[in-house]
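Note on naming: letters A, B, ... go to the chains in the order of the sequence lines (proteins, then strands), and numbering restarts at 1 for each one.
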There are 2 protein chains.
Amino acid sequence: MGRVIDEREPQPQAERVLCGLINGLAKQIEAHVRVRAATLGLTTSQGVALRELTGPMTLRELAERMSCEPSNATFVADRLEEQGYLERHPHPGNRRAKQLVLTPAGTELRERLLRLLFEESPLAPLSSAEQETLQRLLARAVVDR
Amino acid sequence: MGRVIDEREPQPQAERVLCGLINGLAKQIEAHVRVRAATLGLTTSQGVALRELTGPMTLRELAERMSCEPSNATFVADRLEEQGYLERHPHPGNRRAKQLVLTPAGTELRERLLRLLFEESPLAPLSSAEQETLQRLLARAVVDR
DNA sequence: CTAGAATCATTCTAATTGCAATCATTCGAG
DNA sequence: CTCGAATGATTGCAATTAGAATGATTCTAG
């Protein structure tokens, strides 16, 4: 029973499979965030933003961490600010930049979200060592931006 | 100089970093497809669809490979069909399903696209062995859907 | 056999996202 | 110093995407 279809050469095929897996896992993680964030009254990108807000940072830095355009980060920050989880402070030493700072309510919400995200994580099937290997390989591929 | 911010516990932090890397690489691959597909007059998702159309398949299968909703796969298939790269054939043995089949022009375009995608791939920094390791780890994490 | 659940594709609508343009501020060459 | 380029954030708009509802077909328990 030979394969009728598929590429002749193995390399593009392996590449395609790998791309599909990476995209699939990204979507899977996104779905995981979506479900947990929803229980806290947040959208998916609000959840991602909260996850990435490890401390005061500029809007551009948040956008980079979220791998999205700054305009979207502005949009998400607006919503978080409206809900009282985030404040825009003047950036010390750079008047065009703004520093995004979580309010106490935002900090508390973030901790709750992190706990939810850590439970039943899509990455749980991998051991710590495997996760480290994965991180090392991904970091090698993603260096150039 | 201790870190003022960041989570106390190392595990959620490692998890967050890993999620960011996966998402970042997915976006990087998407951008790569976007640029190459544009040179062929295709959008990003048209490029992804063409990459995944390894042979005749159902619309649902295409959606799964693209990790998107079937409604979007319908949209993309419409565009590819309008441009003469794709045809919807009746599915043998299942009258509700349709079989997506590339036209000769579509097959030729796909081969050109694959060549473009393989050049300067974001995954190129990794050796074949590393790509295999990556694929194995990702497959372990993405099994459950 | 048959009725209800499930599946496949499509449509419609709303939400999300990317992209180009703009304004304010900062940087850097000369 | 100063002027043009670069940077940070925002806005408006267009394109993409997800999600729910619909119609047609298939599956399955009884």
Checklist entry - Which is true for B:S71 with a 4.0 Å heavy-atom rule: it touches a base, it touches only sugar-phosphate, or it touches nothing? => result base
Next on the checklist: Base, sugar-phosphate or nothing for B:T44? Non-hydrogen atoms, less than 4.0 Å.
Outcome noted: nothing
Checklist outcome for this item: Assert: residue with more 5' nearest nucleotide on DNA chain D, out of A:R34 and A:M57, is A:M57
Can any side-chain N or O of [X] pair as donor or acceptor with the backbone N or O of [Y] at less than 3.5 Å?
| X | Y | result |
| --- | --- | --- |
| B:Q131 | B:L123 | yes |
| A:R16 | B:E52 | no |
| A:Q46 | A:T43 | yes |
| B:R51 | B:L114 | no |
| B:T58 | B:E61 | no |
| A:S121 | A:L117 | no |

Please report the distance, rounded to the nearest Å, between [atom1] in [X] and [atom2] in [N].
| X | N | atom1 | atom2 | answer |
| --- | --- | --- | --- | --- |
| A:Q99 | D:dA9 | CD | P | 10 Å |
| A:E61 | D:dG8 | CD | P | 11 Å |
| B:K27 | D:dT16 | NZ | P | 15 Å |
| B:M66 | D:dT17 | CE | P | 7 Å |
| A:L62 | D:dA9 | CG | P | 10 Å |
| B:F75 | D:dG19 | CZ | P | 17 Å |
| B:D78 | D:dT17 | CG | P | 14 Å |
| A:L100 | D:dG8 | CG | P | 13 Å |

Next on the checklist: Please tell me whether A:R65 and A:T54 have a donor and an acceptor in their side chains that are separated by less than 3.5 angstrom.
Outcome noted: yes
Checklist entry - Side-chain N or O of A:R96 less than 4.0 angstrom from OP1 or OP2 on D:dT10? => result no
Next on the checklist: For D:dG8 and A:R60 - does any side-chain N or O of the residue sit under 4.0 Å from the phosphate oxygens OP1/OP2?
Outcome noted: yes
Checklist outcome for this item: Assert: residue with more 5' nearest nucleotide on DNA chain C, out of B:R88 and A:C68, is B:R88
Checklist entry - Which residue, A:R95 or A:E30, contacts DNA chain C at a nucleotide closer to its 5' end, judged by nearest heavy atom? => result A:E30
Item to check | DNA chain C: 5'-most and 3'-most nucleotides touching chain A, 4.0 angstrom heavy-atom criterion | outcome: C:dT16 to C:dT26
